[in-house]
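Indexing begins at 1, ligand by ligand and atom by atom, following the structure's order.
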Amino acid sequence: MSRDDGAGAALEADVTVSRGGGFRLQARITAAAGQTVAVMGPSGAGKSTLLGAIAGLVELDGGRVRLDGRDLSGFGKPVPASRRGTVLLGQDPRLFPHLTARENVAFGPRAAGTPAAAARRIADDWLDRVGLAGAGKQRPADLSGGQQQRVAIARALAASPRLVLLDEPLTSLDPVTADGIRTVLREHLNGRTCVVVTHDAVDAVALADRLIVVEGGRVAQTGPVREVLRSPATGFVASLAGLNRVVGMSRSGDCVADGVRFAGDSGAHVPDGQAVAAVFRPADVRVAEPGPAPDGTSWTARITRLEQTVAGVRVHTEAPGVAVDLATDALTEADLRPQVSISLHIPAGRVRLLPA
Ligand SMILES: Nc1ncnc2c1ncn2[C@@H]1O[C@H](COP(=O)(O)OP(=O)(O)OP(=O)(O)O)[C@@H](O)[C@H]1O
């Protein structure tokens with residue numbers, strides 16, 4: 001936990017929000033005091049709407065937002081955003097351009113009644129903690145995007161919020177800068193209650209205890225981050241985790257989809273005739289010799305498209321829809337073009353079966 005702050009407040013939000021175009025968010029999100037929860041979902045799923053509803057910036061149609069049991073949403077008389085004890089930090093640092101970095105960070109403590117000299121000390125301390133010691137006199141225009149985002153984090157945390165809301169705080173930064181800021185966030189979110197919206201599973205793993213996946217305005221899956229990513233309940237979650245998820249019917253402990261049998265691990269037993277998902281890594285699929293494999297687990301599929309990757313190429317096939325990662329040295333002999341059929345195979349023990 002950071003030195004000068006108490007633990008954050010427990011969040012319990014159950015919100016219904018209607019937007020234009022028939023979109024409706026109906027989601028429940030909780031975070032224990034001091035816990036960071038990541039929210040992921042496709043574009044337009046309602047993630048920003050959810051943060052806005054918690055922050056008091058978006059009006060609720062139903063439900064409530066509670067912090068440490070106190071209802072902030074009281075219909076007709078919601079607690080205004082500025083008095084909720086929450087801070088919302090987005091992609092854009094939105095610093096006050098006419099104030100120095102120090103004045104930006106001191107803003108929250110000053111607004112809370114801290115005398116000027118003490119607020120300046122707090123600001124300098126926070127600038128130091130986010131790696132910007134000595135930058136206090138600079139104005140935002142003199143700082144890089146990454147430095148501005150550090151100031152924004154310092155400004156948000158110097159206000160001693162009970163709940164921190166982050167909306168894709170690393171999206172507009174280059175990978176190296178994002179990595180530095182991720183480290184700052186990991187260090188300083190420790191012990192605070194935080195909800196972080198992100199498109200990057202790396203952020204979820206690095207920053208959060210739990211993951212909530214929102215799709216089409218509803219919670220599609222929730223649980224400890226690695227558990228959710230390891231056992232994707234939807235195609236979107238599988239894509240986040242970089243996994244194939246093929247849905248078929250269970251037969252004799254395997255998953256059969258589009259006539260292809262995916263041999264399940266011996267540990268899972270799903271009764272015959274139920275919907276089941278075969279989950280496996282694209283790198284675990286191999287190009288096989290044409291013709292049936294001795295264990296009957298190879299199949300032929302048509303290539304739909306090829307995607308260059310750093311290590312080689314990702315081949316997408318249909319019926320069933322599977323992604324296959326091939327390293328550069330495996331490419332030389334294979335005829336890989338859209339519309340061409342290839343034989344594929346997965347070595348035993350690489351497929352997990354999950355109820356679908
Ligand atoms: N201010 C607004 N007024 C009306 N509709 C809105 C408003 N903001 C968002 N919406 C709509 O609400 C839905 C959810 O949008 P939201 O921005 O919450 O999604 P998101 O998951 O955060 O998406 P992204 O990942 O693209 O930021 C979308 O259909 C969007 O068009």
> Out of A53, G216, G22, S43, whose heavy atom sits nearest atom 24 (P) of ligand 1?
Replying inline: S43
>> Regarding atom 21 (O) of ligand 1: of the candidates R24, Q91, E215, K47, which has the closest heavy atom?
In response: K47
>> Evaluate F23 for polar contact with ligand 1, using N/O atom pairs at a separation under 3.5 Å.
In response: no
> Can you find an N/O atom of G46 closer than 3.5 Å to an N/O atom of ligand 1?
Replying inline: yes
>> Under the criterion salt bridge (charged side-chain N to carboxylate O under 4.0 Å, His left out), I'd like the reasoning laid out for D142 against R139: C-alpha separation, chi angles, the key distance, then a yes or no.
In response: CA-CA 6 Å; D142 301 324; R139 287 184 203 279; 6.0 Å; no
> Step by step, would you call D125 with R121 a salt bridge (charged side-chain N to carboxylate O under 4.0 Å, His left out)?
Replying inline: CA-CA 6 Å; D125 183 33; R121 277 197 299 278; over 6 Å; no
>> Determine whether the aromatic ring centres of residues H345 and W299 are separated by less than 6.0 angstrom.
In response: no
Distance to 0.1 Å, residue and atom name: give those for the protein heavy atom nearest to [atom].
atom: atom 17 (O) of ligand 1; value: S48 CB, 3.8 Å
atom: atom 1 (N) of ligand 1; value: R19 NH1, 3.5 Å
atom: atom 15 (O) of ligand 1; value: T49 OG1, 3.8 Å

> Considering only heavy atoms from C-beta outward, does the side chain of I153 approach that of L89 to under 4.5 Å?
Replying inline: yes
> With a 4.0 Å cut-off on heavy atoms, is G44 touching ligand 1?
Replying inline: yes
> Going by heavy atoms, is P42 under 4.0 Å from ligand 1?
Replying inline: yes
>> Within the supplied structure, the quantity of interest is the number of heavy atoms (other residues, nucleotides, ligands) at a distance under 6.0 Å from E59 CD; does it exceed 12?
In response: no
> More than 12 heavy atoms of other residues, nucleotides or ligands under 6.0 Å from CZ of R230: is that the case?
Replying inline: no
> What are the atoms of ligand 1, with element, lying closer than 4.0 Å to any heavy atom of H199?
Replying inline: 25 (O)
>> Under a 4.0 angstrom heavy-atom cut-off, which atoms of ligand 1 come close to G20?
In response: 4 (C), 5 (N)
>> Students often mix this up, so state it plainly: with edges at 30° and 60°, are the rings of F262 and F280 parallel, tilted or perpendicular?
In response: parallel
>> Can you check atom 30 (C) of ligand 1: any protein non-hydrogen atom closer than 4.0 Å?
In response: no
> Can D14 and R64 be said to form a salt bridge (charged side-chain N to carboxylate O under 4.0 Å, His left out), step by step?
Replying inline: CA-CA 5 Å; D14 224 322; R64 53 177 47 82; over 6 Å; no
